[in-house]
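Numbers restart at 1 for each chain; the letters A, B, ... are given by sequence-line order, proteins then strands.
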There are 4 protein chains.
Amino acid sequence: MKKVAIVGATGYTGQELVRLLLQHDQVEIKALTSQSYVGSKFSNVYPNAARFTDLLCSEGDIEKLSTEVDVIFVALPHGHAAKAITKKVLDNCRVIDLGADFRLKNPEDYKTWYQLEHANPALLGGAVYGLPELNRADIATARLIANPGCYATCSILTIAPLLHSNLIDETSIIIDAKSGVTGAGRSLTLGVHFDEVNESLKAYKVASHRHTPEIEQALQAVATHPITLTFTPHLIPMNRGILVTAYANLKSGVKISDVNAAYKARYGNEYFIRLYNDANDNDLSNAGVSGGKSSEGKSNEAYTLPETRWVKGSNFCDIGVTIDERNNRLIAIGAIDNLVKGAAGQAIQNMNVLFGFDECTGLKQMPIFPA
Amino acid sequence: MKKVAIVGATGYTGQELVRLLLQHDQVEIKALTSQSYVGSKFSNVYPNAARFTDLLCSEGDIEKLSTEVDVIFVALPHGHAAKAITKKVLDNCRVIDLGADFRLKNPEDYKTWYQLEHANPALLGGAVYGLPELNRADIATARLIANPGCYATCSILTIAPLLHSNLIDETSIIIDAKSGVTGAGRSLTLGVHFDEVNESLKAYKVASHRHTPEIEQALQAVATHPITLTFTPHLIPMNRGILVTAYANLKSGVKISDVNAAYKARYGNEYFIRLYNDANDNDLSNAGVSGGKSSEGKSNEAYTLPETRWVKGSNFCDIGVTIDERNNRLIAIGAIDNLVKGAAGQAIQNMNVLFGFDECTGLKQMPIFPA
Amino acid sequence: MKKVAIVGATGYTGQELVRLLLQHDQVEIKALTSQSYVGSKFSNVYPNAARFTDLLCSEGDIEKLSTEVDVIFVALPHGHAAKAITKKVLDNCRVIDLGADFRLKNPEDYKTWYQLEHANPALLGGAVYGLPELNRADIATARLIANPGCYATCSILTIAPLLHSNLIDETSIIIDAKSGVTGAGRSLTLGVHFDEVNESLKAYKVASHRHTPEIEQALQAVATHPITLTFTPHLIPMNRGILVTAYANLKSGVKISDVNAAYKARYGNEYFIRLYNDANDNDLSNAGVSGGKSSEGKSNEAYTLPETRWVKGSNFCDIGVTIDERNNRLIAIGAIDNLVKGAAGQAIQNMNVLFGFDECTGLKQMPIFPA
Amino acid sequence: MKKVAIVGATGYTGQELVRLLLQHDQVEIKALTSQSYVGSKFSNVYPNAARFTDLLCSEGDIEKLSTEVDVIFVALPHGHAAKAITKKVLDNCRVIDLGADFRLKNPEDYKTWYQLEHANPALLGGAVYGLPELNRADIATARLIANPGCYATCSILTIAPLLHSNLIDETSIIIDAKSGVTGAGRSLTLGVHFDEVNESLKAYKVASHRHTPEIEQALQAVATHPITLTFTPHLIPMNRGILVTAYANLKSGVKISDVNAAYKARYGNEYFIRLYNDANDNDLSNAGVSGGKSSEGKSNEAYTLPETRWVKGSNFCDIGVTIDERNNRLIAIGAIDNLVKGAAGQAIQNMNVLFGFDECTGLKQMPIFPA
């Protein structure tokens with residue numbers, strides 16, 4: 001039984017960690033820290049937790065916690081984690097940082113995109129980017145894991161096999177991403193006011209979102225050249241879910257069978273990745289009924305591409321691809337629950353790798369629908 | 001390991017049974033029947049189920065199934081179950097009917113409210129109304145369990161202690177109930193078209209909803225007189241959740257402490273009922289922060305009354321009460337997830353009682369938020 | 001051409017005034033004041049206004065404005081208006097206050113419900129409660145109009161005819177009200193965060209909402225005795241709309257025809273009130289198709305009761321009634337757009353009465369659907 | 001006063017025509033036809049219309065209507081209009097077809113994309129594509145106007161100036177489009193069931209949507225070469241609104257000032273197009289506050305790009321552009337209300353051109369927010 005602490009437990013990511021860790025039979029939550037609710041029962045801040053934990057929210061003394069637990073999940077705004085996670089902390093215990101501070105290898109990139117001098121650049125070298133489907137071996141031996149961003153997780157997983165198998169023009173990648181509002185966190189801004197979000201739709205941080213360098217860094221590791229892609233996030237009036245629609249020009253002669261083979265080769269054994277397009281994969285192809293918008297009213301085509309509703313509450317990343325034959329362009333679509341595979345679930349997956357647990361421990365809930 | 005079948009598995013209630021039963025470690029699903037999808041993989045009808053079940057949807061021969069499993073969950077439209085559930089079926093296995101056919105004891109009431117002659121009135125006597133918090137002993141020995149309606153579950157649990165302790169004027173009960181749209185099922189009507197429901201609000205079946213006699217029948221069992229109450233359902237633009245706001249005139253001299261004591265006495269040991277109002281109950285009182293709508297912008301009052309978001313995905317019924325001191329009227333508020341405590345979860349709770357499992361088996365997930 | 005100013009133009013009520021006044025051909029907006037956006041173009045704060053006004057947001061010097069315009073609309077938080085609206089201001093121009101400060105006649109009631117000493121009690125006597133359907137004559141000659149609260153408008157209009165015609169037990173009135181989130185305003189609180197509101201439902205300020213005394217004061221004016229009713233507001237995950245479900249015990253012998261006659265007598269000539277229940281009224285009875293939630297899937301019952309979608313963007317109050325014959329209880333349902341008939345639209349209606357314009361001027365837009 | 005008829009008045013597009021035409025002071029609605037509601041009052045089918053029209057829904061004899069009115073708006077499913085609109089009809093009156101039947105010039109394209117032989121190919125030559133911002137002169141003299149599709153309108157307007165000024169690589173155009181659910185119409189399919197759409201997100205008809213050839217045909221008219229672009233529609237859980245995010249590689253040396261100049265040149269005098277990006281354009285640049293999703297919680301950046309909420313209920317198309325400097329890619333964003341500029345509003349704009357009315361007649365309502 002491993003002991004865990006969550007630093008920053010009262011944000012959306014923190015409370016989702018609580019929900020998932022409570023279903024994990026190999027760990028025990030020892031501390032929940034919070035800036036705003038010190039002394040309050042966690043279940044009074046989030047009444048859904050009543051019956052599940054009696055812990056009070058405590059102050060976030062990470063060094064002290066590091067002597068008491070086996071792993072600390074850090075869910076703090078960027079800048080804060082870089083200060084709080086010291087060498088001493090890492091000597092004492094493992095740390096999984098769900099923020100952005102240890103994701104970019106180059107402190108200059110951090111400065112460029114976050115407009116902030118990194119407080120602890122010496123630790124960047126030892127930090128491992130925690131995307132198990134790409135980095136499993138390194139994660140197993142890490143002291144400090146940088147849990148990927150939500151958009152980054154979905155984008156990287158959706159595109160990586162295409163680069164790995166060298167199927168696309170690497171200069172042509174465009175990612176049009178759409179996220180539910182929990183991705184913006186629980187802080188109060190006009191941008192998350194119900195009536196400003198509901199029944200509307202917008203792009204934001206166009207050509208400037210901070211997950212861009214993170215996606216490029218991870219994709220470069222499987223590509224033959226540096227990648228400079230276009231990334232456009234959009235805000236969708238729903239609570240949870242990210243859908244990534246990625247575009248790239250196929251190299252000459254590449255067929256859909258090559259594309260499917262690439263995904264199958266890369267992800268065929270990955271529990272948390274469900275592929276829609278391989279006709280040999282029986283999971284999600286060829287049969288069901290479509291929720292499609294059809295002017296004919298027919299509703300029995302197959303579900304051939306991911307939708308966020310099918311992953312909600314789960315750690316799955318669903319992926320499907322189509323080729324626009326008229327111009328030889330690939331359209332790859334990925335879907336995740338931003339709070340699970342995009343944050344808390346992936347952090348637990350990383351912890352499972354770290355401690356040698358079965359990688360799916362505590363993460364085998366069927367997605368909840370309609371929710 | 002008990003064997004189970006779900007008849008009518010591709011409606012919302014049926015698929016929620018699949019989700020929850022898959023997390024239950026004492027049962028194995030042997031068959032999923034469907035009218036519309038015979039021969040399709042269940043996971044092609046509901047892609048969230050990919051990785052969880054390879055079962056095909058089969059035809060619904062209940063008699064045959066009854067020889068192969070220990071319990072059949074029936075999730076059919078009313079009228080159909082009354083025909084399908086025969087004495088022979090009940091001789092072979094237990095049946096939990098999630099529809100309305102076996103809830104009303106008097107076949108005349110059934111005829112009045114459902115405009116239908118009951119097809120199998122001889123079985124009504126042996127059917128047990130499956131609300132474990134009120135009927136646990138009878139459920140344990142039943143062959144046929146009539147799982148309560150979603151509105152009925154929330155209404156009865158919210159009001160019963162008041163009658164049991166004789167605190168209210170029994171002629172004054174008004175239930176103003178609000179439900180998410182999954183309560184209307186998956187069938188296609190203009191009334192569930194997204195654009196007809198979204199961003200609107202209505203009352204429907206005013207003074208004529210079929211859960212009315214079911215609520216009255218159950219409350220009469222704990223009251224001193226017959227109950228004729230007013231029940232008004234409303235449709236809310238959200239997927240899941242029921243909130244019941246119940247009103248009744250307090251008997252002279254009754255105080256809030258009497259009311260709280262009544263709920264505590266009745267529900268103090270009930271895992272699935274969480275009380276908000278008892279100051280001695282530490283679960284959900286006195287501290288947290290409010291999501292309240294406050295013209296002052298203050299946001300740190302306590303959560304003192306249930307909200308549907310805190311029960312989503314779970315089998316809980318949250319209850320809180322307030323007295324309007326100016327006119328001595330009681331306002332009791334209950335919240336459930338209509339697909340869980342209002343349908344599939346309660347059915348599993350009944351099964352647990354039936355088979356002597358711990359009543360919470362498979363039902364201990366923390367509610368998911370925000371979802 | 002009358003000149004108008006809006007004090008507090010950048011809240012939801014203020015900007016709705018802008019939208020509606022721009023469609024009014026007898027007035028010209030001269031000033032838009034704002035606390036937060038002084039110096040900004042209004043159309044940069046609300047880009048929907050681009051092409052419609054070039055006004056900058058200015059500081060809110062009401063006394064100065066009162067010398068420049070014919071009427072000032074004040075949309076400030078309570079407490080502020082009571083200070084800003086002085087005798088001098090009223091000597092210069094007419095004022096329509098959309099806040100709560102001049103609604104309650106008795107300054108003691110104000111103190112009790114708003115926890116605040118009224119700053120200007122001497123003006124209360126001259127203030128007229130601006131519900132034209134009840135107070136038209138007084139409004140025409142007022143200097144200061146207290147525009148009713150959104151819940152109050154819908155509640156009073158829904159119930160008044162019953163009291164006027166003496167049809168109900170005056171001690172039995174219960175108002176279960178439901179509102180969209182714009183009713184909470186644009187200020188940032190956790191309670192209006194998208195993910196805290198969306199897909200959930202709650203009651204709030206139970207037995208303590210400040211519109212309660214306002215409703216009682218107005219209903220008493222048409223009743224035979226003081227009224228002490230129960231009022232329970234609920235927050236609904238949608239932008240606009242209020243639905244009031246009001247309950248009362250009918251006096252002995254009262255029939256549905258009496259009830260319909262009472263509404264017809266009171267509202268037969270009111271443009272902004274549309275009645276559902278009178279079979280002699282051809283507007284909204286007996287024919288159409290229902291959006292009803294029906295287990296049979298039939299979708300061609302009549303629309304017999306109001307729904308908020310049918311009034312959106314308009315100044316209508318739709319009203320319908322049903323009797324629960326089993327216990328002789330009346331259920332009256334009213335629907336308004338809280339920002340129009342519940343705020344800005346009614347303020348303009350009051351202005352029309354004040355200046356002797358046709359009462360519908362600028363308010364004849366057909367409700368927008370689906371929106 | 002021109003006389004108009006609407007054939008297919010009870011779909012979403014038809015009833016939006018009713019709403020807007022009722023605010024047009026130069027026309028009178030003489031007939032509303034419907035397949036499903038013949039004999040019903042229109043205001044019983046859409047109760048928002050009560051007080052606005054007493055018309056009954058009638059059968060759709062277009063030839064007869066053509067002798068009684070000046071213009072017929074046809075809002076029928078594709079295939080039906082091609083049969084109903086005959087030469088005889090066009091000899092009698094003008095026709096504005098809101099469906100797809102007369103949009104594609106080449107009947108072979110129609111057959112390819114609609115899987116249907118065109119019933120009336122002889123009329124295709126005389127039909128004018130009704131996008132006034134591109135085709136004003138031709139519209140003025142047309143007998144038959146093919147009103148553009150909703151996605152097509154927004155896509156074409158967003159991209160055309162780039163081609164007109166020859167600023168982009170014409171082989172690189174990708175349109176990632178997002179639509180609210182009213183775009184799918186009022187017909188009942190599983191795909192528009194509230195619980196299948198709400199809180200989810202999906203792409204559909206990827207690389208196969210029928211607006212693709214329509215967009216290409218219109219863009220080719222302003223381009224130097226044939227265009228074969230990629231078009232991906234997505235379904236968003238909201239009622240109204242389309243957001244188009246278009247990507248293209250800039251030609252070498254093109255600067256943001258060139259891009260802004262191109263839009264300004266093309267649209268500077270267009271009332272219904274509001275540009276965000278030109279610093280010299282005062283409408284929507286540089287000042288306001290952002291609803292942006294910002295990890296810092298800062299909320300006072302400018303609104304620099306369109307959002308669907310700012311056009312709701314109006315005939316505007318808002319457009320803004322950004323360059324991704326790192327790879328010289330242009331991102332152009334357009335927003336419309338799909339039922340207004342994407343259907344009924346544009347049809348009225350076309351009628352205004354046709355009859356020589358001021359082009360904005362009946363279309364000058366300020367967008368409604370929050371709605």
Just checking, is any N or O donor in the side chain of [X] or [Y] under 3.5 Å from an acceptor N or O on the other one?
X	Y	answer
C/Thr53	C/Lys41	no
C/Asp337	C/Thr308	no
D/Asn315	D/Gln365	no
C/Gln349	C/Lys341	yes
D/Gln346	D/Thr153	yes

Requested in this report: Output the option from D/Met238, D/Arg240, D/Gln15 having the highest count of non-hydrogen pairs under 4.5 Å with chain C.
Outcome: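 Among D/Met238, D/Arg240, D/Gln15, the one with the most close pairs to chain C is D/Arg240.
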Query - Closest-packed option against chain C by number of heavy-atom pairs under 4.5 Å, given D/Lys312, D/Lys364, D/Gln23, D/Glu199 - result: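 Option with the greatest count: D/Glu199.
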Query raised in the report: Do you know which of C/Pro370, C/Ala371, C/Ser36 has the most heavy-atom pairs under 4.5 Å to chain D?
Result: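 Most heavy-atom pairs within the cutoff with chain D belong to C/Pro370.
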Query raised in the report: Can you tell which of C/Ser314, C/Ala49, C/Gly241 has the highest number of heavy-atom pairs within less than 4.5 Å of chain D?
Result: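 The candidate making the most pairs under 4.5 Å is C/Ala49.
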Requested in this report: With a 4.5 angstrom heavy-atom cut-off, could you sort out which part of D/Arg19 is near chain C: side chain, backbone, both or neither?
Outcome: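 The answer is both parts of D/Arg19.
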Query - Toward chain C, the part of D/Leu339 with a non-hydrogen atom under 4.5 Å - result: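 The side chain, not the backbone.
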Report task. Please work out which of the three classes, parallel, tilted or perpendicular, describes the rings of C/Tyr12 and D/Phe369, given edges at 30° and 60°. Result ->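 Aromatic pair D/Phe369/C/Tyr12 classed perpendicular.
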Query raised in the report: Looking only at heavy atoms, what is the nearest atom pair of C/Gly191 and C/Val197, with distance?
Result: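 Looks like O-CG2, 3.1 Å.
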So which part of [X] gets closer than 4.5 Å to some heavy atom of chain D, the side chain, the backbone, both or neither?
X	answer
C/Glu16	side chain
C/Phe316	side chain
C/Leu22	side chain

